[in-house]
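Below: the structure, in structure tokens.
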Amino acid sequence: MPELLEIETYRKAAEPVVGRTIGAVDAPDDWYLKGGLGPAEVTGVLPGVRITGTGRIGKLMLLETDGPTIGLRFGMTGRLIVNGDAALSDLEYGSNRDNPAWDRFALRFTDGGSLVMRDPRRLGGVELDPDVARLGPDAAVVTLKPFARILAGSGAPLKARLMDQSRVAGLGNLLVDESLFRAGLSPERPARSLQADEVARLHRAVRRTLKTLGGRGGSHTGDLQPARVRGGLCPKDGEVLRRTQVGGRTTYWCPHHQR
DNA sequence: CCGGATGTTCACCT
DNA sequence: GAGGTGAACATCCG
């Protein structure tokens with residue numbers, strides 16, 4: 001599920017745990033603990049720690065505490081369940097996503113509340129004091145100048161640069177395709193080949209995409225989304241969309257109006 | 001049955 | 001250094 005918009009939904013859903021104290025930690029899956037972290041560390045360090053705030057940079061969700069900052073990554077299939085309620089009921093895979101066997105990490109609070117990460121494919125993970133310096137500025141707040149600088153330095157395809165979390169944080173496959181669709185720019189253009197007016201157009205498109213799709217309910221609510229099938233037609237001009245690999249990801253784009 | 005899917009990291013190429 | 005590719009993770013869907 002998650003790109004920036006979904007992680008922001010998770011962060012908001014986690015706000016009720018601010019002020020609570022961790023009583024116990026369930027870390028049944030070593031693989032899910034990242035950054036040299038092990039079950040002994042988590043269960044040893046976190047109990048007794050109080051949650052003091054929530055945060056998010058790109059797709060990384062943060063639980064600030066009076067001890068270490070807890071970083072949560074959700075991969076493609078991770079969900080957050082706070083006090084028994086799933087933060088997003090949207091389903092990617094239809095129905096069967098509620099198997100407790102997929103609970104990879106849980107905080108149990110002393111007042112009885114809980115925060116659970118449920119992730120069928122184990123693509124997410126938990127880390128203490130994550131290195132946030134490895135992330136670029138969050139896509140929802142980056143201003144035009146740094147955005148332009150990020151593109152100027154690279155010969156990589158535009159889409160690959162936008163999906164590079166160390167350059168701009170938060171955009172994934174769907175949000176990038178939607179933003180480029182709206183900006184009328186080809187995902188294959190070398191990032192540095194954009195003119196100043198195109199950079200400005202793209203910057204506005206990213207912000208508008210985040211705002212609009214955020215209001216609609218998530219990264220999968222874009223105008224391009226229904227056409228993301230083989231032979232799909234451009235919702236803007238009816239051209240058959242091109243389906244290519246860019247930056248290692250399947251990319252749908254309109255060769256007619258995206259230049 | 002097979003290919004893909006909202007992601008990240010890492011090894012290994014060129 | 002910069003980019004690109006493929007593997008790994010595990011489940012569901014068309």
Side-chain angles (χ1 to χ4, degrees), chain A residues 1-10 28-37 56-61 71-80 87-105 117-127 130-132 134-136 139 150-181 187-192 209-210 213-214 216-222 224-226 228-232 243-252:
Chain A
M1 298 204 112
E3 295 186 43
L4 179 154
L5 296 174
E6 285 73 27
I7 308 304
E8 180 59 18
T9 301
Y10 290 165
D29 186 354
D30 290 12
W31 165 264
Y32 219 67
L33 304 175
K34 310 294 183 182
L37 196 60
R56 179 190 61 74
I57 304 174
K59 305 172 193 173
L60 174 66
M61 180 175 145
L72 308 178
R73 292 184 205 286
F74 292 88
M76 284 205 292
T77 55
R79 291 197 305 162
L80 187 69
L88 277 174
S89 48
D90 292 308
L91 18 130
E92 170 195 2
Y93 289 144
S95 51
N96 196 20
R97 304 197 59 210
D98 290 312
N99 189 339
W102 299 329
D103 290 358
R104 312 298 183 188
F105 183 80
M117 292 182 75
R118 184 167 293 176
D119 185 356
R121 288 180 61 184
R122 297 167 83 212
L123 295 168
V126 176
E127 191 174 358
D131 182 8
V132 297
R134 291 173 52 186
L135 294 171
I150 285 159
L151 298 180
S154 173
L158 187 49
K159 174 169 177 175
R161 194 67 169 181
L162 291 172
M163 293 217 308
D164 182 344
Q165 302 298 301
S166 72
R167 307 294 176 173
V168 192
L171 303 178
N173 201 31
L174 298 184
L175 288 176
V176 167
D177 275 9
E178 179 77 13
S179 298
L180 292 171
F181 166 79
E188 297 180 340
R189 284 268 298 276
R192 67 161 74 101
T209 295
L210 291 173
L213 273 53
R216 290 180 189 170
S219 306
H220 56 292
T221 61
L224 184 64
Q225 186 67 18
R228 296 182 65 91
V229 292
R230 285 182 172 81
R243 179 186 189 271
T244 56
Q245 296 284 122
V246 184
R249 309 299 302 274
T250 298
T251 303
Y252 287 93

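The basis for the numbers below is simple: all heavy atoms, side chains too, and nothing from hydrogens, waters or symmetry mates. Each chain gets a letter, A, B and so on, in the order the sequences are listed, and its residues count up from 1.
- The side chain to side chain donor-acceptor pair (under 3.5 Å) test with A:Tyr252 is passed by exactly one of A:Gln225, A:Arg243, A:Glu178, A:Arg228: A:Arg243.
- Atom C1' of B:dG3 sits at a distance of 16 Å from the matching atom of C:dG6, rounded to the whole Å.
- Residue A:Lys59 is classed as a sugar-phosphate contact, given heavy-atom separations below 4.0 Å to backbone atoms only.
- The CZ-P distance, from A:Arg73 to C:dA8, rounds to 22 Å in whole Å.
- Rounded to an integer number of Å, the gap from A:Trp102 CH2 to C:dC12 C1' is 8 Å.
- Applying side chain to side chain donor-acceptor pair (under 3.5 Å) to A:Lys159 and the options A:Thr244, A:Thr251, A:Asp164 leaves one that passes, A:Thr251.
- Closest to the side chain of A:Arg243, from the set B:dA5, C:dG4, C:dC9, is B:dA5.
- Summarising the geometry, the separation between CG on A:Asp164 and P on B:dT8 is reported as 10 Å, rounded to the nearest angstrom.
- In plain terms, the two heavy atoms of A:Asp119 and A:Arg104 that are nearest each other are O-NE, 2.8 Å.
- For A:Tyr10 and B:dG7, the OH to P distance is 12 Å, given to the nearest whole Å.
- The phosphate of B:dT9 (OP1 or OP2) has a side-chain N or O of A:Arg134 nearer than 4.0 angstrom.
- Nucleotide C:dA2 forms a pair with B:dT14, judged by Watson-Crick or G-U wobble geometry with both contacts under 3.5 Å.
- What separates CZ of A:Arg167 from P of B:dT8 is a distance of 15 Å, to the nearest Å.
- Relative to the side chain of A:Arg249, the nucleotides B:dG4, B:dG7, C:dC9 differ in distance, and B:dG7 lies closest.
- The side chain of A:Thr77 places no N or O atom within less than 4.0 Å of a non-bridging phosphate oxygen (OP1 or OP2) of C:dC12.
- The nearest whole Å value for the distance from the CZ atom in A:Arg79 to the P atom in C:dT11 is 15 Å.
- Distance from the side chain of A:Thr250 is smallest for B:dA5 among the nucleotides B:dA5, C:dG4, C:dC9.
- For A:Gln165, whose side chain is taken as the heavy atoms from C-beta onward, the closest listed nucleotide among C:dG4, B:dT8, C:dC9 is B:dT8.
- Note on A:Arg79 versus A:Asp98: salt bridge recorded, some NZ/NE/NH1/NH2 to OD/OE distance being below 4.0 Å.
- A search for ring-ring contact (aromatic ring centres under 6.0 Å, His included) contacts involving A:Phe74 returns A:Tyr10, not counting sequence neighbours.
- Put simply, CD on A:Glu3 is 9 Å from C1' on B:dG7, counting in whole angstrom units.
- Across all strands shown, A:Gly155 has heavy atoms under 4.0 Å from sugar-phosphate atoms exclusively, and none from any base.
- Checking C:dA10, C:dG3, B:dG7 against the side-chain heavy atoms of A:Asn173 singles out B:dG7 as nearest.
- Taking only side-chain atoms of A:Met76, from C-beta outward, the nucleotide of B:dG7, C:dG3, C:dC9 with the closest atom is B:dG7.
- The distance between atom CG of A:Asp119 and atom C1' of C:dA8, rounded to the nearest whole Å, is 14 Å.
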